[in-house]
Amino acid sequence: MKRKMNVMVLFSAILWTTTGCMGHAREDHGANGNTLAPCPDSPNCVSTKSTDPDHAMSPLPYEGTREESYKRLLLVLRDMKRCTIITSDPLYIHAEFRSALFGFVDDVNFVFDDKDHLIQFRSASRTGSYDFGVNRKRMNEISERYRKAP
């Protein structure tokens, strides 16, 4: 009986940890055209377009031209662990970040705003509702690296 219980606990733990790897990207990846989707009510999202202080962050300023800012941001992203750039065009970047332990996926979207010379962004967990502040920490790190990049 004890062995059966141990097997059930082990199976449940494996099933729970692997579900983070099964999250599929939403069709819009958090962006629709050149606009970012709003953050949900859950605390696992930050966005430069949010007016809610729990989700809001400041956008990144252009460093030089859009093209220079775009290249700078791509260099920062390519240098980060567990980051995969899914889409990159002159006005938009979509990157995925996977957690080291369970492989949970977070979608990070960047939209280049030529009118205001800003890079707007949104970072959100694909599954679950709480992220222990990981999306905010990541975007703070990206912002810092971007500002310091040559």
Side-chain angles (χ1 to χ4, degrees), residues 11-150:
F11 177 74
S12 296
I14 291 170
L15 184 62
W16 180 78
T17 58
T18 58
T19 57
C21 301
M22 291 190 243
H24 296 288
R26 294 179 313 272
E27 275 188 39
D28 65 2
H29 307 291
N32 184 2
N34 287 336
T35 61
L36 298 170
C39 281
D41 290 335
S42 58
N44 61 358
C45 178
V46 293
S47 174
T48 56
K49 292 293 194 170
S50 180
T51 56
D52 174 6
D54 292 335
H55 294 110
M57 289 190 74
S58 298
L60 297 170
Y62 277 15
E63 296 292 341
T65 66
R66 176 181 20 95
E67 292 80 10
E68 292 166 333
S69 300
Y70 175 83
K71 288 177 185 175
R72 176 186 286 234
L73 183 56
L74 278 179
L75 286 173
V76 167
L77 294 172
R78 287 182 178 137
D79 192 44
M80 296 189 74
K81 292 180 182 177
R82 296 178 304 281
C83 176
T84 303
I85 297 169
I86 304 301
T87 305
S88 65
D89 66 52
L91 295 173
Y92 173 75
I93 297 172
H94 170 218
E96 288 180 352
F97 285 83
R98 288 194 179 267
S99 66
L101 187 56
F102 296 123
F104 294 119
V105 179
D106 294 340
D107 291 293
V108 182
N109 310 98
F110 299 91
V111 174
F112 292 78
D113 177 358
D114 283 344
K115 179 180 169 254
D116 294 323
H117 300 286
L118 295 172
I119 304 171
Q120 305 288 346
F121 60 80
R122 177 185 187 270
S123 180
S125 301
R126 195 176 285 176
T127 59
S129 64
Y130 191 73
D131 69 346
F132 301 97
V134 169
N135 281 290
R136 183 172 296 279
K137 288 175 194 166
R138 177 186 307 113
M139 295 316 300
N140 282 330
E141 180 181 352
I142 289 172
S143 296
E144 186 177 321
R145 286 183 180 204
Y146 171 80
R147 287 183 176 99
K148 290 181 178 179

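All values below come from the heavy atoms of this structure, side chains included, with hydrogens, waters and symmetry mates left out.
A 4.5 Å side-chain heavy-atom check between His94 and Tyr92 finds at least one atom pair inside the cut-off. Under the 4.5 Å side-chain criterion, counting only non-hydrogen atoms from C-beta, Val46 is not in contact with His55. By the 4.5 Å heavy-atom criterion applied to side chains, Asn109 and Ile93 are not counted as neighbours. Proximity of Ser99 to Arg82: side-chain heavy atoms (C-beta onward) are nowhere separated by under 4.5 Å. In this structure the side chain of Phe97 reaches within 4.5 angstrom of the side chain of Ile142, judged on heavy atoms. The side-chain heavy atoms of Pro61 and His117, taken from C-beta on, include no pair separated by under 4.5 Å. Residues Tyr70 and Ile119 form no side-chain contact, since every pair of their non-hydrogen atoms from C-beta on lies 4.5 Å or further apart. Here the side chains of Lys49 and Gln120 are in contact, with some heavy-atom distance below 4.5 Å.
Considering all non-hydrogen atoms of both residues, Ala149 and Arg72 come closest at O-NH1, 3.0 Å. When all heavy atoms of Thr127 and Phe104 are compared, the closest pair comes out as OG1-CD2, 4.0 Å. Asp131 and Ser125 get closest at one heavy-atom pair: CB-OG, 3.6 Å. When every heavy atom of Tyr130 is checked against every heavy atom of Pro43, the shortest pair comes out as CD1-CG, 3.5 Å.
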Might you work through the side-chain contact (heavy atoms from CB on, under 4.5 Å) test for Asp89 and Leu91, ending with a clear yes or no? CA-CA 6 Å; Asp89 66 52; Leu91 295 173; 3.9 Å; yes
Evaluate the side chain to side chain donor-acceptor pair (under 3.5 Å) criterion for residues Asp107 and Ser123: first the C-alpha distance (whole Å), next the side-chain angles of each, then the deciding distance (0.1 Å), finally the verdict. CA-CA 6 Å; Asp107 291 293; Ser123 180; over 6 Å; no
Tell me, with the steps shown, if Glu67 and Lys71 meet salt bridge (Lys or Arg N to Asp or Glu O under 4.0 Å). CA-CA 6 Å; Glu67 292 80 10; Lys71 288 177 185 175; over 6 Å; no
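One finds the CG atom of Asp52 at 10.5 Å from the OG atom of Ser47 (value rounded to the nearest 0.5 Å). Residue Ile85 holds its CD1 atom at 11.0 Å from CD of Glu96, rounded to the nearest 0.5 Å. Considering OG of Ser88 and CZ of Arg78, their distance stands at 6.5 Å, rounded to 0.5 Å. Rounded to the nearest 0.5 angstrom, Cys45 SG and Asp54 CG are separated by 11.5 Å.
Under the salt bridge (Lys or Arg N to Asp or Glu O under 4.0 Å) criterion, Asp116 pairs with no residue, sequence neighbours left out. A search for side-chain hydrogen bond (donor to acceptor under 3.5 Å, both in side chains) contacts involving Arg147 returns nothing, not counting sequence neighbours.
Here Arg126 does not pair with Asp106 in a salt bridge; the nearest charged N to carboxylate O distance is not below 4.0 Å.
Ring pair Phe112/Tyr62 is tilted by interplanar angle, where 30° to 60° counts as tilted.
Residue Asp41 places its CG atom among 12 or fewer non-hydrogen atoms of other residues, nucleotides or ligands, all under 6.0 Å distant.
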